[in-house]
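See structure below.
Order of the sequence lines sets the chain letters (A, B, ...), proteins ahead of strands, with each chain counted from 1. Keep in mind it's a predicted model, so treat the numbers as computed, not measured.
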Amino acid sequence: MAAPDQPFRTLAGMRDLLHPETAHRRRLTARFAELAELAGYQEVQPPLVEDLGVFLRVGETTDVVTKEMYDFEDKDGTRVALRPELTAGVARAFVQHHPQTPWKVWYAGANFRHERPQKGRYRSFDQVGVEALGVDDPDLDAEVVTLASMSLAAFGLRRVRLLVNSIGDHDDRARYVEAVRSYLDDRRDDLSEPARATAERNPLRVLDTKRPQDLAVVADAPLLADHRSPASEEHFGRVLAGLDALGVSYELAPRLVRGLDYYRRTTFEFVAEALDAAQNAVGGGGRYDGLVEDLGGPPTDGIGFALGVDRILLALSAEGAPDEVAPSVQVFVVDLTDGAIARDLTHELRAAGIGADRRFGGGSLKSQMKAADRSGARWAVLVGSDEVAAGVVTVRDLRSDAPQSAVPRDGLVAEIRARGTTT
RNA sequence: GUGGCCGUAGCUCAGUUCGGUUAGAGCGCCAGGUUGUGGCCCUGGAGGUCGGGGGUUCAAAUCCCCUCGGUCACCCCA
């Protein structure tokens with residue numbers, strides 16, 4: 001096989017995650033898992049690939065499904081797709097395993113959408129989130145929104161706006177869609193060309209347009225609040241009361257229409273103010289009361305959210321959040337003999353739970369000390385012919401000018417433990 | 001999917017307007033100054049398919065075409 005004209009590289013919109021970013025992501029995910037489990041959510045891991053039909057239920061009028069999906073024919077002819085989001089897979093899992101309700105689960109994982117990449121938008125992107133199925137109680141809505149809000153705060157994000165809306169239940173939504181459709185039909189001549197196409201496919205999506213021309217039309221569009229049934233209105237009122245009681249601040253966003261078709265009643269979105277980029281939504285979610293039924297299960301209420309890990313990291317960086325990563329190596333062994341001592345000492349230290357490394361190929365004392373410095377280790381342990389003869393090692397503090405000292409070779413682990421590895 | 005801008009050393013970038021000797025800088029890396037001591041300093045060194053392919057020309061990093069990638073916006077969304 002001939003070598004490629006150019007070396008292989010990641011596909012468009014895909015990236016290698018390297019240290020220290022991997023460490024930031026791991027820390028964020030761990031923090032999220034902690035918070036979700038504190039609230040009684042259990043981890044779930046649906047597969048990355050599902051039958052295409054699972055995702056079609058997400059919304060056959062949405063770009064996510066119609067244009068952006070990585071779908072292909074499997075070897076047996078089945079139409080399958082890489083998941084563009086996790087809610088549909090979780091709902092499918094609910095139908096398949098019929099767990100006890102309420103089923104409260106959290107997840108962390110990659111999703112795939114074939115979009116044109118830009119800042120904060122990648123073809124492979126990570127989300128963390130929760131889903132809670134089988135409960136209609138507005139207090140659950142408040143719990144879920146609060147968990148999302150607290151998670152963002154726990155990650156260190158400072159400037160976040162929470163937008164909340166209710167798009168009504170199934171019937172409210174259907175009536176509202178018709179009202180908007182007929183309104184937009186009347187104003188068709190005032191709409192931009194792309195907005196006209198959107199209006200036919202999915203009228204609600206026109207409402208959160210950014211084009212000035214369409215904004216003027218949208219300003220006078222029918223209001224959702226006028227189309228919500230008393231029951232929906234009451235549910236929404238209790239969600240907001242719950243948020244008030246829990247001290248979660250939010251803004252009502254009457255035109256907040258989220259991208260996926262399955263949303264009902266409560267919808268919400270988190271916007272990071274530090275992100276001036278177009279992609280500034282760091283999370284969102286809502287109720288999807290009909291989704292499980294659409295996937296062949298029993299009528300089941302559900303609500304959840306997803307937070308975009310990539311965008312949160314971008315926002316944290318834009319806010320100037322601290323991003324130091326503690327070095328994992330605490331001790332660096334400098335061996336001036338043939339290297340066998342470094343081999344044995346690093347092994348001994350690691351077995352004792354102390355991060356240890358050394359320089360392969362030896363090199364001058366100076367070069368090994370440079371390597372020790374770069375490793376971030378707190379301690380350098382030096383071994384040369386003098387130490388070997390005396391049965392000791394020399395321990396040097398790389399972060400202070402304290403004098404180095406000789407320590408019995410067999411007592412090194414105990415000595416490092418006694419001195420500590422931090423600061 | 002559409003449009004603007006951008007691809008030069010490991011990294012950040014000069015050089016491209018108006019083609020012309022061995023393509024530069026800073027940082028990083030390696031070595032020496034200091035035959036057993038890192039960080040600061042000094043000296044030296046290694047390292048480049050100028051994204052890739054084709055074309056124009058006596059001559060291309062520089063001009064033209066194609067292509068790949070990045071970035072920003074639209075669209076969409078986490």
Side-chain angles (χ1 to χ4, degrees), chain A residues 3-15 58-59 61-69 84-87 108-129 148 152 192-195 197-198 201-202 205-206 208-211 214 257-260 269-272 275-285 305-315 332 334-337 359 361 363-388 394-401 403-404:
Chain A
D5 282 348
Q6 294 197 65
F8 289 115
R9 39 174 305 133
T10 49
L11 300 173
M14 310 271 184
R15 53 246 211 277
V58 166
T61 65
T62 63
D63 284 4
V64 169
V65 167
T66 56
K67 286 160 48 181
E68 301 169 357
M69 199 132 61
E85 52 109 50
L86 270 149
T87 304
N111 302 284
F112 303 87
R113 294 181 194 171
H114 193 102
E115 305 177 89
R116 188 75 167 261
Q118 68 184 80
K119 187 169 194 169
R121 188 171 78 180
Y122 309 100
R123 289 184 175 176
S124 169
F125 61 100
D126 287 342
Q127 289 183 331
V128 296
L152 292 172
S192 68
E193 181 60 40
T198 306
R201 196 173 73 249
N202 191 344
R205 292 236 51 88
V206 179
D208 57 2
T209 180
K210 289 178 197 164
R211 270 180 292 268
D214 299 324
V257 176
R258 298 195 38 78
L260 306 174
E269 184 167 301
F270 294 91
V271 175
L275 290 180
D276 50 2
Q279 315 299 332
N280 62 356
V282 292
F305 67 76
L307 306 178
V309 173
D310 308 284
R311 290 187 189 171
I312 291 168
L313 260 19
L314 280 174
F332 197 95
V334 172
D335 185 346
L336 297 173
T337 66
R359 185 182 207 247
S364 67
L365 174 60
K366 176 171 176 164
S367 66
Q368 292 195 51
M369 284 300 291
K370 284 185 75 137
D373 188 51
R374 264 198 301 265
S375 76
R378 170 77 192 273
W379 306 104
V381 168
L382 289 74
V383 188
S385 50
D386 295 352
E387 284 85 356
V388 171
T394 296
V395 176
R396 178 182 177 81
D397 187 343
L398 292 173
R399 297 197 215 158
S400 81
D401 292 321
Q404 58 194 29

Taking atom C1' in both B:rG51 and B:rC6, compute the distance separating them and give it to the nearest angstrom.
12 Å
Taking atom C1' in both B:rG52 and B:rA60, what distance in whole Å separates the two?
16 Å
Side chains of A:Glu387 and A:Thr394, donor plus acceptor under 3.5 Å:
yes
Starting at CZ of A:Arg121 and ending at C1' of B:rC75, how long is that distance when rounded to a whole Å?
7 Å
Between B:rG36, B:rA78, B:rG38, spot the one nearest the side chain of A:Ser385, thanks.
B:rG36
Identity of whatever pairs with B:rC30 - Watson-Crick or G-U, under 3.5 angstrom:
B:rG44
C1' gap between B:rA9 and B:rG28, integer Å
11 Å
By nearest nucleotide on RNA chain B, pick out whichever of A:Glu68 and A:Gln404 is the more 5' one.
A:Gln404
Side-chain heavy atoms of A:Gln368 within contact of A:Leu336, under 4.5 Å:
yes
Nearest whole angstrom, please: distance from the C1' of B:rC74 to the CD of A:Gln118.
8 Å
Please report the distance separating the C1' of B:rC65 from the corresponding atom of B:rC29, rounded so that it comes out in whole Å.
39 Å
Rounded to whole angstroms, how far apart are NZ on A:Lys366 and C1' on B:rC40?
11 Å
Under a 3.5 Å cut-off for both contacts, is B:rC74 paired Watson-Crick or G-U wobble with anything, and if yes, with which nucleotide?
B:rG1
Please give the distance between the C1' atoms of B:rA46 and B:rC27 as a whole number of Å.
16 Å
Contact class for A:Arg9 (heavy atom, under 4.0 Å): base, sugar-phosphate, or nothing?
sugar-phosphate
Heavy-atom closest pair, residues A:Tyr122 and A:Gly120
OH-N, 3.6 Å
Once you apply the 3.5 Å cut-off to both distances, tell me the Watson-Crick or G-U wobble partner of B:rG36, or none.
none
What nucleic acid atoms does A:Gly13 come within less than 4.0 Å of, heavy atoms only: base, sugar-phosphate, or nothing?
sugar-phosphate
Write down the atom of A:Pro84, the atom of A:Asn111, and the distance for their closest heavy-atom approach.
O-CB, 3.7 Å
Classify the nucleic acid contact of A:Asp126 as base, sugar-phosphate or nothing, counting any heavy atom under 4.0 Å across all strands shown.
nothing
Could you check whether A:Gly283 gets within reach of a base, just the sugar-phosphate, or nothing at all, counting any heavy atom under 4.0 Å?
sugar-phosphate
Nucleotide nearest A:Arg359 when distance is taken to its side chain, options B:rU37, B:rA31, B:rC77
B:rA31
Any donor and acceptor pair, going by atom type alone, linking the side chain of A:Arg378 with main-chain N or O of A:Arg399 inside 3.5 Å?
no
Please report the distance, rounded to the nearest Å, between CZ in A:Arg374 and P in B:rC11.
17 Å
Between A:Tyr122 and A:Leu382, who's closer to the 5' end of RNA chain B by nearest nucleotide?
A:Leu382
Once you round it to whole Å, what is the distance between P of B:rA78 and CG of A:Leu86?
12 Å
Identify whether any heavy atom of A:Ser367 sits under 4.0 Å from a base atom; if not, whether one sits that close to sugar-phosphate; answer base, sugar-phosphate or nothing.
sugar-phosphate
When you measure only distances, ignoring hydrogens and angles, does the side chain of A:Glu387 come within 3.5 Å of the base of B:rG36 through a donor and an acceptor?
yes
Using atom C1' in both nucleotides, what's the gap between B:rG4 and B:rC40 to the nearest angstrom?
46 Å
Starting the side chain at C-beta, find the nucleotide from B:rA78, B:rG36, B:rG38 nearest to A:Asp386.
B:rG36
Measure from the side-chain N and O atoms of A:Arg359 to the backbone N and O of A:Ala372, and report whether any donor-acceptor pair falls under 3.5 Å.
no
Please report the interatomic distance CE(A:Met14) to CZ(A:Phe125), rounded to the nearest 0.5 Å.
10.5 Å
Figure out the CG/C1' separation between A:Leu152 and B:rA78, and round it to whole Å.
11 Å
When we call it a touch if two heavy atoms are under 4.0 Å apart, what does A:Ala372 touch: a base, just sugar-phosphate, or nothing?
nothing
Is A:Asn280 touching bases, backbone alone, or none of the nucleic acid, heavy atoms closer than 4.0 Å?
nothing
Take atom C1' in B:rC5 and the same atom in B:rG48, then report the distance between them in whole Å.
25 Å
Which nucleotide, if any, forms a Watson-Crick or G-U wobble pair with B:rG20, using both distances under 3.5 Å?
B:rC58
Interatomic distance at C1', B:rG53 relative to B:rG69, whole Å
15 Å
In whole Å, what is the span from the CH2 atom of A:Trp379 to the C1' atom of B:rU37?
16 Å
Between CZ of A:Arg116 and P of B:rG70 the distance, given in whole Å, is 10 Å
Looking across every strand, which nucleic acid part, if any, lies under 4.0 Å from A:Gly129 by heavy atom: base, sugar-phosphate, or nothing?
nothing
